[in-house]
Asker: 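Let me give you the structure first, and then I'll get to my questions.
Just so it is clear, the model here is predicted, and its values are computed rather than measured. When a residue number appears, it is its place in the shown sequence, counting from 1.
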Amino acid sequence: MSSSPEALGRRRRVTIVDVAKHAGVSTASASKVLRNAYGASEAMREKVRASMEELGYRPHGPARGMRGRTYTIGVLVSDIDNPFFSLLADGVSSVIRAHSYELLLSPAGFTRSGQRNVKDALIDHQMDGLVLVSPLMSSEELEETARDIPLCVVGHHSDSDLFDSVAGDDELGASLVVDHLVELGHERIAFVMNHDGRMDPARPEYHRLAGYRAAMERHGLTDQAAVLDASWSFEGGVTAARLVDELPVQPTAVHAGADIVALAMMNELWRQERFIPEAYSLAGYDNSRTSALGPIRLTTVDQSGRQMGETVGRLLVERIEGRTDSRHELMEPTLMARSTTVAPRGE
C-alpha cells in the first residue's frame with residue numbers, strides 16, 4: 001500500500017484516487033465499491049472500505065449520488081432579498097432535517113433563462129428533490145423537470161399529476177385587502193402587479209390581480225381601479241412608488257401585492273421625507289417578519305409562510321420516499337391589519 005494518512009497530511013481532501021492507491025486497486029475498482037456496483041468481489045470491497053475508513057474518505061455529493069441519495073434538497077428562489085423566502089426556507093428545513101436532509105438555497109434571478117440554468121445545475125449536483133418558488137417556467141417545463149427529479153412548486157396553482165404544489169388562496173387574499181380598505185373608506189385603490197405573471201394563470205400575481213379586480217367590482221369601484229406594472233422585488237417597489245406619483249388621479253390607498261414591494265415603497269417615500277400612511281395607505285402581502293417590526297407595522301396578508309414551508313418539506317420527503325400521486329395544497333390567508341392603513345385623509 002503506497003499512501004498513508006500521515007503522508008497525505010490532511011492538507012487536502014482525500015479523493016477516490018487516494019483510496020485506490022492505498023488499497024492497491026485501480027480507481028475504477030474503487031469506484032465500483034463506492035457505487036456498490038456489480039463486478040467487485042467481496043475481498044475487494046473489504047479492502048477498499050478499510051482504506052476509506054483509514055484515510056477518512058468522505059465522498060462528495062455527486063459521488064454519493066451515484067450510490068443513491070445525497071440527502072440534499074435544492075430550493076430555487078428568485079432572490080434572497082424577499083423576506084418571505086426566509087419563512088419558507090425555515091419551514092422546509094424544520095421538516096427535512098428530521099429526515100437527515102440538508103437544504104441548499106439558490107437564488108436564480110428574475111429571468112427564465114437564469115432560473116432554468118440554476119434548476120439544471122441543482123439537478124446536475126444530484127439533489128434528491130427540488131423546491132421551486134414561483135418559478136418563471138411553464139407547466140410543461142415543470143412536468144418535464146418532475147420526470148427527472150421529485151418536485152414541489154410553491155406559489156404555483158396547478159393540478160399536474162407529476163409534481164406537488166403548495167400555494168395560498170391568492171384571490172381571497174387580495175380581496176381581503178380591498179375589503180379592508182373599502183371598510184376604512186377608501187375608493188381610489190391601486191394595485192401593484194408583477195408584470196411577469198400577468199398572463200400566466202398558474203402564478204400567484206395572476207390570481208391576486210383577479211382577486212383585486214373582483215373585489216373592486218363587487219364594491220362598485222371598477223372605475224377607480226388602477227393597476228401598476230412593476231416587479232415584485234425591492235427595485236420593483238421603487239418603480240411602483242414612482243408610478244403612483246405619476247397617476248393623473250392619486251389613489252388614497254395602494255395594495256402593493258407583496259411585502260417586499262411595500263417595504264421598498266415605504267423606503268422610497270422616507271427618502272423623499274414622505275411617510276405612510278400620510279401619503280397614502282399601503283398594504284403588502286406575505287406577513288414577512290419585517291412587516292411586523294414596530295417602526296413599520298405594515299398591513300399585510302398572512303399566508304402562513306412557515307407552515308407553507310413545512311407542508312412543502314413534508315410533501316417532498318414523501319415524494320422522495322416513493323409517493324407517486326400528486327398533492328396540491330391551498331393555504332387560506334388572513335388579513336393582518338396594522339398601522340399603514342387608516343381612513344383616507346380629507347380631500
Side-chain angles (χ1 to χ4, degrees), residues 77-87 107 109-110 173-174 176-196 205 208-209 212 215-216 219 221 223-303 305 335-347:
V77 297
S78 57
D79 64 309
I80 56 175
D81 289 334
N82 193 324
F84 179 66
F85 296 158
S86 67
L87 291 174
F110 296 92
L176 291 175
V177 173
V178 174
D179 291 345
H180 166 67
L181 293 170
V182 170
E183 185 176 350
L184 289 173
H186 294 276
E187 295 184 350
R188 299 196 304 276
I189 303 169
F191 178 79
V192 180
M193 178 61 175
N194 187 19
H195 54 73
D196 284 333
E205 52 266 50
R208 290 179 200 175
L209 176 60
Y212 161 77
M216 293 292 282
H219 289 291
L221 299 174
D223 292 342
Q224 306 283 359
V227 177
L228 310 175
D229 271 341
S231 65
W232 285 356
S233 64
F234 192 89
E235 293 76 12
V238 174
T239 298
R242 174 179 56 78
L243 292 175
V244 169
D245 288 342
E246 291 175 356
L247 288 172
V249 179
Q250 289 292 290
T252 61
V254 177
H255 178 5
D259 280 3
I260 185 67
V261 179
L263 295 171
M265 293 178 71
M266 294 178 75
N267 187 71
E268 181 64 12
L269 265 65
W270 285 335
R271 190 182 65 81
Q272 301 172 18
E273 298 186 353
R274 299 163 61 198
F275 304 97
I276 298 294
E278 288 77 14
Y280 43 79
S281 285
L282 181 66
Y285 202 111
D286 290 333
N287 196 28
S288 58
R289 294 187 181 100
T290 308
S291 70
L293 294 177
I296 296 174
R297 299 291 298 163
L298 175 68
T299 292
T300 186
V301 174
D302 183 6
Q303 54 177 339
L335 181 76
M336 308 295 292
R338 298 189 180 118
S339 59
T340 58
T341 49
V342 297
R345 303 293 192 244
E347 298 293 295

Asker: Which residues pass the side chain to side chain contact (heavy atoms under 4.5 Å, CB included) test with Q224, not counting sequence neighbours?
Answerer: E187, R188, M216, L221
Asker: Of all the heavy-atom pairs spanning M265 and A256, show the shortest one and how long it is.
Answerer: SD-CB, 4.2 Å
Asker: Hey, are R242 and E246 close enough for a salt bridge, meaning a charged N less than 4.0 Å from a carboxylate O?
Answerer: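 Salt bridge flag = yes for E246 with R242.
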Asker: Check step by step if side-chain hydrogen bond (donor to acceptor under 3.5 Å, both in side chains) holds for H180 and T341.
Answerer: CA-CA 9 Å; H180 166 67; T341 49; 2.8 Å; yes
Asker: Can you name the side chain to side chain contact (heavy atoms under 4.5 Å, CB included) partners of D179, sequence neighbours left out?
Answerer: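 So D179 forms a side chain to side chain contact (heavy atoms under 4.5 Å, CB included) with A215, R218, H219.
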Asker: Could you grab the distance from atom OG1 of T340 to atom OH of Y280, nearest 0.5 Å is fine?
Answerer: 11.5 Å
Asker: For a quick check under 3.5 Å, do D286 and Q303 share a side-chain donor-acceptor pair by atom type?
Answerer: yes
Asker: Once ring-ring contact (aromatic ring centres under 6.0 Å, His included) is applied, what residue pairs with a partner in residues 244-265 remain, sequence neighbours excluded?
Answerer: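 Qualifying pairs: F191-H255.
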Asker: Can you check whether E235's main-chain N or O pairs, donor with acceptor, with T239's side chain at less than 3.5 Å?
Answerer: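 Indeed, once roles are kept as given, a pair shorter than 3.5 Å links the two residues.
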Asker: Could you check if a side-chain atom of T300 sits within less than 4.5 angstrom of a side-chain atom of R338, using non-hydrogen atoms only?
Answerer: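 Yes - at least one pair of side-chain heavy atoms lies under 4.5 Å apart.
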Asker: Could you tell me the separation between the OG atom of S288 and the CD1 atom of I260, rounded to the nearest 0.5 Å?
Answerer: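 If I round to the nearest 0.5 Å, the distance is 7.5 Å.
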Asker: Testing the basics here: between T299 and S339, what is the closest heavy-atom pair and its distance to 0.1 Å?
Answerer: OG1-N, 4.3 Å
Asker: Taking all heavy atoms of L228 and all of A190, pick out the closest pair and write down the distance.
Answerer: CD1-CB, 4.4 Å
